[in-house]
Amino acid sequence: MMDDSPLQVLTVPTAPYPDQRPTTAGGLRRKVYVFQSRRNYLHNFIQSVFSSIDLRDRQGSTVVVGGDGRFFNRTAIEVIVQMAAANGVGRLIIGHQGIMSTPAVSCVIRKHKAIGGIILTASHNPGGPDGDFGIKFNTANGGPAQEAFTNKMFQISRSLEEFAICPGLRVDLSTLGGQQFDLENKFKPFTVEMVDSVESYANLMRNIFDFAALKELLSGQSYKIRLDAMHGVLGPYVRRIICEELGSPANSAVNCVPMEDFGGLHPDPNLIYAADLVEAMREGPYDFGAAFDADGDRNMILGKHGFLVTPSDSVAVIAANIFCIPYFQQTGVRGFARSMPTSAALDKVAKATKIELYETPTGWKFFGSLMDAGRLSLCGEESFGTGGDHIRENDGLWAVLAWLSILATRRQSVEDIMKDHWLKYGRNYYTRYDYEDVDLDAAFEMMEYLENTIVDKSFAGQRFAVGDKIYQVEKADNFEYTDPVDSTISRNQGLRIIFTDGSRIIYRLSGTGSVGATVRIYIDSYEKDDISQDTQVMLAPLATIALKISQLHARTGRTGPSVIT
Ligand code: VG1
Ligand code: CO
């Protein structure tokens, strides 16, 4: 227990690291051993976060801390608590056992008017001693820090000379409630509140959806669902909301115990890494299935027999059925948005409903700015992220509740809802190729070569033929975005080739990997009437063209993608 003398605040000298540039999602992702073996690597990053917040805003402020429970989560939280106290933060709100999903952190930041939140996660990347660890900072609106902020963090991290810490401060992560600490030279005690991670979030969901209607769907014997939390953070949320509150039987939720290594699983909800769920859906009696990533912001939606709803289609279907969700009946629909590489399925719904459509760069932070300005209600990314303006993050369980609301209203199967949608709007066939762990220099050189090739004047108008398919280039560029709210310009957001029929090939380097480079190729092709083909067969000609133009295989020494989604 604490003795009565105030805790000491120390300033500790440190040496800066050159490589703490935040990622697409506003954080730092590295192999666990990097955090363990490099002296003060974590401390430096956390100090850069706090130093980027104006001292007047920081003094006495509230900060939220959560994480997906992966290996190193606890160690990191102990350091963060000690450093928050030493940096003038007045109160920390921490999820019980240090665990809280990314959407819940966003919700709690907003609810308690915190100046921000620190989330300990590497999202969908594997965990455990040999896996990845990550830290990201969300600002007062509840969303990932904007570029101006992360640039400041990076600047500070490169010249950091010292950090502040309260080494004697020990917090108990297992006991709910408040804990107070007296610090030397501080007038007010420093407070830590250990909160139930699920409660605030569950409350928010109750106000968005019609829980009575959902309960009727889920508590009956006839409708069967299977939700897979992949041993990430969402298990307790699924159990509490879907099983206890909405009455779905306990066995409809699997892998619901958060684990430090996710039980050896790769907590990424797609057909490859959620193979168990896909298998169970194919053979089992389930009408609806979903999986989530480690920190609970991503979702994959499946129908009976494993019918996949692609994330790009998912957001379009929710948009087309948006008034099945009571929240939107109240707020109205202000706008739709998708990231640039996401398929244009949402655009068709926006056009038909005459609702504004925004095309943003990859990463959730760009949606937040539009939501804060009251211009955006619903958005999504092809990378299994879907969400509304109730928070400033993508929200896996919200997406599931949105789909269940549509299913409860329409009483059709997932597959029939999807097919009706394609009949009405046409279909955007869509695929993504990921080349992981590519040599860094080779990847950058390939992108440079590609950019030089496609921005050349002679490129527009060129025709590419594969079999009997001919595609003509309409335009090609390096995507640039001007934020319609504050006019901030974001350049270099992906190379796009757009063909005359509207088909698109997009190339991007990932900003969330932890080793080497990940090259992503996205292919999107629209068919008005031909809606029942196999995606990979349909897109094979464009894939061939994508590889030919980029010379990707020759330039990286690879023979095929690591993952196709
Ligand atoms: C990826 C996805 C992007 C997503 C980001 C964070 O980024 O492509 O759509 O916003 O991950 O998702 P990148 O730069 O690797 O392509 V999450 O679930 O890590 O918060
Ligand atoms: Co995530």
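Counting convention: from 1, in listed order, for ligands and their atoms alike.
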Identify, for [atom], the protein heavy atom at the shortest distance, and state residue, atom and that distance.
atom: atom 17 (V) of ligand 1; result: Ser123 OG, 2.9 Å
atom: atom 19 (O) of ligand 1; result: Arg29 NH2, 2.6 Å
atom: atom 9 (O) of ligand 1; result: Ser383 OG, 2.6 Å
atom: atom 7 (O) of ligand 1; result: Thr512 CG2, 3.5 Å
atom: atom 20 (O) of ligand 1; result: Asp297 OD2, 3.0 Å

- Message: Of all the N, O or S atoms in Asp297, which has the shortest distance to the Co ion (ligand 2)?
- Response: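 For Asp297, the N/O/S atom sitting closest to the Co ion (ligand 2) is OD1.
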Among the N/O/S atoms of Asp293, the Co ion (ligand 2) lies closest to OD2
Provide the number and element of each atom of ligand 1 under 4.0 Å from a heavy atom of [X].
X: Arg432; result: 8 (O)
X: His124; result: 18 (O), 19 (O)
X: Arg508; result: 13 (P), 14 (O), 16 (O)
X: Arg520; result: 8 (O), 13 (P), 15 (O), 16 (O)
X: Gly363; result: 10 (O)
X: Gly511; result: 13 (P), 14 (O), 15 (O)
X: Asp293; result: 18 (O)

(request) Determine whether the side chains of Thr102 and Asp295 contain a donor N or O and an acceptor N or O closer than 3.5 Å. (result)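 Per modelled atom types, Thr102 and Asp295 side chains form a pair under 3.5 Å.
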| Arg74 charged N/C atom sitting above Phe72 aromatic ring, 6.0 Å / 45° | no
- Task: Answer yes or no for Lys475 and Phe499: cation-pi contact, defined as NZ/CZ to six-membered ring centre under 6.0 Å and angle to ring axis within 45°.
- Result: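 Not satisfied by the 6.0 Å and 45° rule.
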Quiz item: How about Gln536 and Ile564: do any of their side-chain heavy atoms sit closer than 4.5 Å?
Solution: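 Yes, side chains in contact.
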| Proximity winner for atom 6 (C) of ligand 1, if only heavy atoms of Lys136, Arg298, Glu381 are counted |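 Among Lys136, Arg298, Glu381, the closest heavy atom to atom 6 (C) of ligand 1 belongs to Arg298.
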Side-chain donor or acceptor of Ser106 paired with backbone N/O of Gly142 under 3.5 Å: yes
| field | Residues Phe137, Thr150; criterion side-chain contact (heavy atoms from CB on, under 4.5 Å); working and verdict | value | CA-CA 9 Å; Phe137 183 69; Thr150 52; over 6 Å; no
Quiz item: Can you check whether Ser510 has an N/O within less than 3.5 Å of an N/O in ligand 1?
Solution: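 The answer is yes, given that Ser510 and ligand 1 share an N or O pair closer than 3.5 Å.
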Salt bridge (charged side-chain N to carboxylate O under 4.0 Å, His left out) partner of Arg491, chosen from Glu451, Glu147, Glu480: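 Of all the options given, the one that passes is Glu480.
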What do we get for [X] next to ligand 1 when only non-hydrogen atoms under 4.0 Å count, side chain, backbone, both or neither?
X: Thr23; result: neither
X: Lys365; result: neither
X: Glu393; result: neither

Quick test of your reading of the model: are [X] and [Y] salt-bridged, counting only N-O distances below 4.0 Å?
X: Arg240; Y: Asp196; answer: yes
X: Glu359; Y: Arg338; answer: yes
X: Arg432; Y: Glu382; answer: yes

*Give, rounded to 10 degrees, the angle between OD1 (Asp295) and OG (Ser123) as seen from the Co ion (ligand 2).*
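Once rounded, the angle between the two atoms at the Co ion (ligand 2) is 100°.
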Closest heavy-atom pair, Arg504 versus Ser343, reported as atoms and distance to 0.1 Å, is NH2-CA, 3.9 Å
query: Would one find more than 12 heavy atoms of other residues, nucleotides or ligands at under 6.0 Å from atom CZ of Arg38?
result: yes
